[in-house]
Amino acid sequence: MPDVIALIEREHRQVEALFQNFRETGNSALVSNICDELDAHAAAEEQAFYPVVRDDVPSGRSSPAKRRTSTARLASSSAASKGHLILTT
């Protein structure tokens, strides 16, 4: 079984690279790809990572990271439906 933390970190770096590519090129075709990657990553974290971590986090029903992930999924879906992406740093 792969190291889950290493996999999550690798996916984060891949998405960061897509964002950087978008910043540099302004290629709107990347928006859909970024949103798809964020949605897939968030879904995997929600299904596999958070349930395991939640058991080890005191009072951890809803972590700040999970709330950020849910917000990111909503934002990426909204951006994709409008054909644009808002970048924050």
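Just so you know, residue 1 is the first one in the sequence shown, and it goes up from there. Everything numeric here is computed off the predicted structure, so don't read it as measured data.
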For this session: Tell me, please, which residues at least two apart from Glu24 pass side-chain hydrogen bond (donor to acceptor under 3.5 Å, both in side chains).
Result: Gln20

Problem set entry | Check: Asn27 and Asn21 side chains under 4.5 Å, non-hydrogen atoms | no

Exercise. Taking only residues two or more places apart in sequence or in another chain, which ones pass side-chain hydrogen bond (donor to acceptor under 3.5 Å, both in side chains) with Glu11?
Worked result: His41

Seminar exercise, completed: Between Ile34 and Phe19, the two heavy atoms sitting closest are CG2-CZ, 3.7 Å

Problem set entry | For Asn33, all residues meeting side chain to side chain contact (heavy atoms under 4.5 Å, CB included), sequence neighbours excluded | Leu18, Glu37

